[in-house]
Amino acid sequence: MEIDHLLTATRSARRTLDLDSAIDLDEIRDCLRIALHAANGSNQQNWRWLVIIDDRLRSAIAALYRSAYLKKVGGQMIASFIPVGSAEGRLMSSTEWLVEHLADVPALVIPWLRANVSTKRWR
């Protein structure tokens, strides 16, 4: 699948990922180049991107993600309790697939926002 098509025409690529494929940092840069065309308030562009390919760091992040998810849903995976084929069931199944496989994704690309700190006081 071409990068442009993946980023502009598909709703979710989560389950189509090839978790064993090699990382091509040029492709990640290309994805970020496309993402940077997104609209943002006042064109401030105060975002940054963190690309994580280190196995141990990805595993640590995945463990934190799993812990936060389980805390949010009451301590256990819940997709199996939701009717199969329902919109909620598909959503939870996809969500929990990510919880289970996040450490296996060969690169994590995490956006973060750098807040503008102003010394001006508005009255």
Side-chain angles (χ1 to χ4, degrees):
M1 181 177 293
E2 293 296 319
I3 297 295
D4 287 357
H5 177 72
L6 176 67
L7 293 175
T8 59
T10 58
R11 290 189 61 201
S12 176
R14 205 174 278 170
R15 291 180 186 241
T16 62
L17 293 174
D18 179 359
L19 299 179
D20 297 320
S21 67
I23 296 298
D24 184 341
L25 290 176
D26 287 333
E27 284 186 0
I28 293 173
R29 285 185 194 98
D30 204 26
C31 292
L32 291 174
R33 178 189 55 76
I34 293 168
L36 293 176
H37 289 283
N40 62 86
S42 302
N43 198 28
Q44 294 179 31
Q45 301 178 3
N46 54 353
W47 55 66
R48 297 294 180 264
W49 298 90
L50 188 59
V51 178
I52 301 170
I53 58 175
D54 178 80
D55 292 342
R56 287 185 295 175
L57 188 51
R58 283 192 346 265
S59 292
I61 291 169
L64 290 170
Y65 186 80
R66 179 184 176 84
S67 176
Y69 176 78
L70 291 174
K71 190 176 200 179
K72 179 76 174 172
V73 297
Q76 65 181 7
M77 298 296 218
I78 62 172
S80 62
F81 299 110
I82 301 171
V84 174
S86 68
E88 296 84 4
R90 287 189 303 274
L91 174 66
M92 293 313 299
S93 175
S94 178
T95 299
E96 290 184 355
W97 183 92
L98 184 61
V99 170
E100 292 294 330
H101 294 93
L102 187 61
D104 302 328
V105 175
L108 301 178
V109 180
I110 302 173
W112 58 280
L113 179 67
R114 186 182 68 187
N116 290 331
V117 179
S118 175
T119 58
K120 292 182 180 179
R121 293 189 152 209
W122 298 95
R123 295 177 193 220

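Below, all heavy atoms of this structure are taken into account, side chains as well, without hydrogens, waters or symmetry copies.
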Exercise: identify the closest heavy-atom pair between [X] and [Y]:
X	Y	answer
Trp112	Trp49	NE1-N, 4.2 Å
Arg29	Asp26	NH1-OD1, 2.8 Å
Ile82	Ser86	CG2-OG, 3.7 Å

Could you state whether Tyr69 and Phe81 fall into the same hydrophobic cluster, counting links through intermediate Ile, Leu, Val, Met, Phe, Trp or Tyr residues with side-chain heavy atoms under 4.5 angstrom apart?
-> yes
Hey, what do you get for [atom1] ([X]) to [atom2] ([Y]), rounding to the nearest 0.5 Å?
X	Y	atom1	atom2	value
Asp30	Asp24	CG	CG	9.5 Å
Ile28	Arg33	CD1	CZ	14.0 Å
Cys31	Leu25	SG	CG	11.0 Å
Leu19	Asp104	CG	CG	5.5 Å

Of Leu70, Val99, Leu108, which is the lone residue that meets side-chain contact (heavy atoms from CB on, under 4.5 Å) with Tyr65?
->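 Answer after filtering Leu70, Val99, Leu108: Val99.
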Heavy atoms from other residues, nucleotides or ligands near CD1 of Ile53 exceed 12 (cutoff 6.0 Å) |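 Open: at most 12 neighbouring heavy atoms sit under 6.0 Å from CD1 of Ile53.
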Check: Glu96 side chain, Ala79 main-chain N or O, donor-acceptor pair, under 3.5 Å | yes
So, do Leu102 and Arg66 sit near enough that their side-chain heavy atoms are less than 4.5 Å apart?
-> no
